[in-house]
Protein chains: 2
Amino acid sequence: MKQSPSRVDVPLQLWVVLARAFDAVERHSRASIARFELGTTEFGVLEVLYHKGELPVCDVQRRILVESSSTTYVVDKLVKRGLVRRRHSGSDRRVVLLALTPAGRRLIRRIFPPHAHAMRRAVAALPPSDQARAVRLLRALGLGAAKRLEAKEPV
Amino acid sequence: MKQSPSRVDVPLQLWVVLARAFDAVERHSRASIARFELGTTEFGVLEVLYHKGELPVCDVQRRILVESSSTTYVVDKLVKRGLVRRRHSGSDRRVVLLALTPAGRRLIRRIFPPHAHAMRRAVAALPPSDQARAVRLLRALGLGAAKRLEAKEPV
DNA sequence: GTCAAGTATCTCGATTTCGAGATAATTTCT
DNA sequence: AGAAATTATCTCGAAATCGAGATACTTGAC
């Protein structure tokens, strides 16, 4: 057992509260999405295709924050359920384009509004002005952390 | 494809940047911890026992943000590796107390400082004053979201 | 133009996490 | 005291995720 080095180490504290906040809000998301017999990642794919239209798998992957192998897995499931379809790109033969099927579009159009409502409630502890402040801070934090990752990760 | 309902829906935006920020910072954490041949959850257990001393499994679980079955799984691994030991509580015979073994203590004492350093770098994109602001906002957000969960979850 | 490096997707096995439920002990209510 | 509700831990099978690497294609350097 060890005593705090300086009573409060703000950066480490930030990491802790970030993780806790994410966890709490994510549970709302999970619970909301579970109502529709979907996993959060599956929902993420439907949502991004709904809002952005047809997209390459790699673009979808970047937005749903999972690795490429997991993306394949989730897309497979959605294709099997008839909610998403794959199509080869004409311009770049490596890429596979994803789009909603009519059934997928009907589904997400129906479930997105109640889910959005649940998420608004999830973060409603913060008044709107604080929400806006948090958005600015988290955006800077996320971009900064991502940049520092790039700097090391690359093979 | 659907156009934005009001150009910017701050609460939903908050959820998105929260998830992105968490993901980016968590990657730093993962990479840092991977240096020591540990998973983030295993590290979490060692860290909490290091800072808080002997604790019931349920207290550890609350802090590492995984379900009880996953906690059993991770603790098992740490026990097998000789880093943590289990002990029955005298006062409440349901509870199992966890504590570091000497080897576990030596390990975490050695790896915590470099990990803390990596995490400080991970969030360093935010100047200290913004870090403090973010801590306050995220704490309120996390507590509020958790409270709203309680209100529904309970069986 | 050719070759090296980079990018997109997928496969496969292993790991991690979850969820439901079993068991046992404690606490609360009546 | 006894029943009912709550809490703590664990088991087990299923689901999600990862990581390494294979394959195919494209881009950039020379």
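The chains referred to below are lettered A, B, ... by the order of the sequence lines, with proteins before strands, and numbering in each begins at 1.
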Apply side-chain contact (heavy atoms from CB on, under 4.5 Å) to Ser69(B) and list each qualifying residue two or more places apart in sequence or on a separate chain.
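side-chain contact (heavy atoms from CB on, under 4.5 Å) list for Ser69(B), sorted by chain: Glu67(B).
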
Of all residues at least two apart in sequence or in a different chain, which pass the side-chain contact (heavy atoms from CB on, under 4.5 Å) check with Leu143(A)?
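In terms of side-chain contact (heavy atoms from CB on, under 4.5 Å), with neighbours along the sequence ignored, Leu143(A) is linked to Arg139(A).
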
Residues 15-26 of chain B, side-chain donor-acceptor partners within the protein, below 3.5 Å, at least two apart:
from: Asp23(B); atom 1: OD2; to: Arg27(B); atom 2: NE; distance (Å): 2.9
from: Asp23(B); atom 1: OD2; to: Arg27(B); atom 2: NH2; distance (Å): 3.4
from: Glu26(B); atom 1: OE1; to: Arg30(B); atom 2: NH2; distance (Å): 3.3

Reading nucleotides 4-12 of chain D from 5' to 3' and marking B where a protein heavy atom lies under 4.0 Å of the base, S where only the sugar-phosphate is that close, and - otherwise, the string is ---BSSBBB

Taking only residues two or more places apart in sequence, or in another chain, which ones meet Arg86(B) in a salt bridge (charged side-chain N to carboxylate O under 4.0 Å, His left out)?
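Arg86(B) satisfies salt bridge (charged side-chain N to carboxylate O under 4.0 Å, His left out) with Asp76(B) once adjacent residues are dropped.
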
Of all residues at least two apart in sequence or in a different chain, which pass the salt bridge (charged side-chain N to carboxylate O under 4.0 Å, His left out) check with Arg35(A)?
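Per chain and number, Arg35(A) pairs via salt bridge (charged side-chain N to carboxylate O under 4.0 Å, His left out) with no residue.
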
Would you please name every residue forming a side-chain hydrogen bond (donor to acceptor under 3.5 Å, both in side chains) with [X], sequence neighbours left out?
X        : result
Arg81(B) : none
Arg87(A) : Glu54(A)
Ser89(A) : Ser91(A)

What does the inter-axis angle of the helix from dG1(C)-dC30(D) to dT30(C)-dA1(D) come out as, five pairs per end, nearest 10 degrees?
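That helix gives 50° between its end axes.
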
For DNA chain C, which residues of residues 33-41 of chain B approach it to below 4.0 angstrom with any heavy atom?
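Listed by number, they are Thr41(B).
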
Walk me through whether Arg133(A) and Leu137(B) qualify under side chain to side chain contact (heavy atoms under 4.5 Å, CB included).
CA-CA 8 Å; Arg133(A) 273 188 265 279; Leu137(B) 292 168; 3.9 Å; yes

Round to the nearest Å and state the distance from [X] atom [atom1] to [N] atom [atom2].
X        : N       : atom1 : atom2 : result
Arg87(A) : dA8(C)  : CZ    : C1'   : 16 Å
Glu67(A) : dT16(C) : CD    : P     : 15 Å
Ile64(A) : dC18(D) : CD1   : C1'   : 14 Å

Tabulate below the donor-acceptor pairs under 3.5 Å that side-chain atoms of residues 38-45 of chain B make, not counting sequence neighbours, or state none.
from: Glu42(B); atom 1: OE1; to: Gly39(B); atom 2: N; distance (Å): 2.8
from: Glu42(B); atom 1: OE2; to: Lys77(B); atom 2: NZ; distance (Å): 3.4

